[in-house]
Amino acid sequence: AADDILRQTPPQTYEDIIKNLDDRPERLFNANSSVRYDIRGLYEGADTAQLNISKDRLIEPQPKGFHKYHVLFLGGSTTEAIYVPEGRRWVALLNEPGVVAAYNAAQSGANTIDEYFTFLYLTAHGMKFDLVVLATGQNDMGWLQHFDKRGNRFVVEEYKKGLHDYYADE
């Protein structure tokens, strides 16, 4: 099953990520971490998938060398693509040596506000991008409903309170 972890120096669990949002609002995995998933039966020919995280906290492969354009991809699980082999993840397929460097900073469940904080973190740590692609639509709808149900607005200024109210109810 896809949830069976074979070997890990774990990025961290989803629950740990959510608990840490107060102190570290960026939605990124731990630097230099790695996990291998048993994905047999998930799709034809599936065996294992390796999730490697770079020193910059990005999903590998992180482009190296000179590129004319640097594109950051922020999103949820469909951008993260952890159950797809590293070189076959759709963001990785967009890399074109010397021309386009595609960086994957996605994480399952992330929404626009999470990715706003991720962008601030990455740029504060010296990363520069020519284009940022945000793919969080479905996650935004879910979080918007969770916040609205508890009388919270889904805005940056009220995000921490909304998260606390949501997890207090869960």
For residues [X] and [Y], report the shortest heavy-atom separation together with the two atoms involved.
X	Y	value
N95	P61	ND2-O, 4.2 Å
G75	A110	O-CB, 3.6 Å
A102	L94	CB-CB, 4.1 Å

[X] [atom1]: over 12 foreign heavy atoms closer than 6.0 Å:
X	atom1	value
E158	CD	yes
F117	CZ	yes
K64	NZ	yes

Indicate whether any N or O donor in one side chain lies under 3.5 Å from an N or O acceptor in the other, for [X] and [Y].
X	Y	answer
E115	T136	no
D38	T48	no
D114	Y159	yes
D165	N152	yes
D56	Q62	yes
D47	Y37	no

Exercise. Please assess L120 against T118 for the test side-chain contact (heavy atoms from CB on, under 4.5 Å), listing each intermediate value before the final yes or no.
Key: CA-CA 5 Å; L120 292 179; T118 298; over 6 Å; no
Please answer whether the main-chain N or O of [Y] pairs with a side-chain N or O of [X] as donor and acceptor at a distance below 3.5 Å.
X	Y	result
R27	S108	yes
N111	N139	no
T123	M127	no
N52	S33	no
H67	G65	yes
N104	I59	no
W143	I113	no

Distance in Å, [X] [atom1] paired with [Y] [atom2], rounded so as to fall on 0.5 Å steps:
X	Y	atom1	atom2	result
L122	L58	CG	CG	5.5 Å
Q145	R150	CD	CZ	11.0 Å
M141	H146	CE	NE2	11.5 Å
L51	E80	CG	CD	6.5 Å
L74	Y116	CG	OH	13.0 Å
Y167	L163	OH	CG	6.5 Å

Quiz item: Linking I/L/V/M/F/W/Y whenever their side-chain heavy atoms sit closer than 4.5 Å, directly or via other members, would W90 and L72 fall into one cluster?
Solution: no
Quiz item: Would a hydrophobic clustering, with Ile, Leu, Val, Met, Phe, Trp and Tyr connected at side-chain separations under 4.5 Å, put L93 with I82?
Solution: no
Self-check item: Worked verdict on L134 versus F119 for side-chain contact (heavy atoms from CB on, under 4.5 Å)
Solution: CA-CA 10 Å; L134 182 63; F119 175 77; over 6 Å; no
Quiz item: salt bridge (charged side-chain N to carboxylate O under 4.0 Å, His left out) with K149: which residues, sequence neighbours excluded?
Solution: none
Self-check item: Sole candidate of F129, F73, Y69 that passes ring-ring contact (aromatic ring centres under 6.0 Å, His included) when paired with Y103
Solution: F129
Quiz prompt | V133/V71 under side-chain contact (heavy atoms from CB on, under 4.5 Å): CA gap, chis, key distance, verdict | solution = CA-CA 7 Å; V133 177; V71 183; 3.9 Å; yes
Practice problem: Using the side-chain contact (heavy atoms from CB on, under 4.5 Å) rule, take V91 and T79 through it: C-alpha gap first, then chi angles, then the decisive distance, then the call. | Solution: CA-CA 7 Å; V91 171; T79 305; 3.8 Å; yes
Quiz item: How about Y121 and L28: do any of their side-chain heavy atoms sit closer than 4.5 Å?
Solution: yes
Exercise. Answer yes or no: is there an ion pair linking R57 with E26, defined by an N-O contact shorter than 4.0 Å?
Key: yes
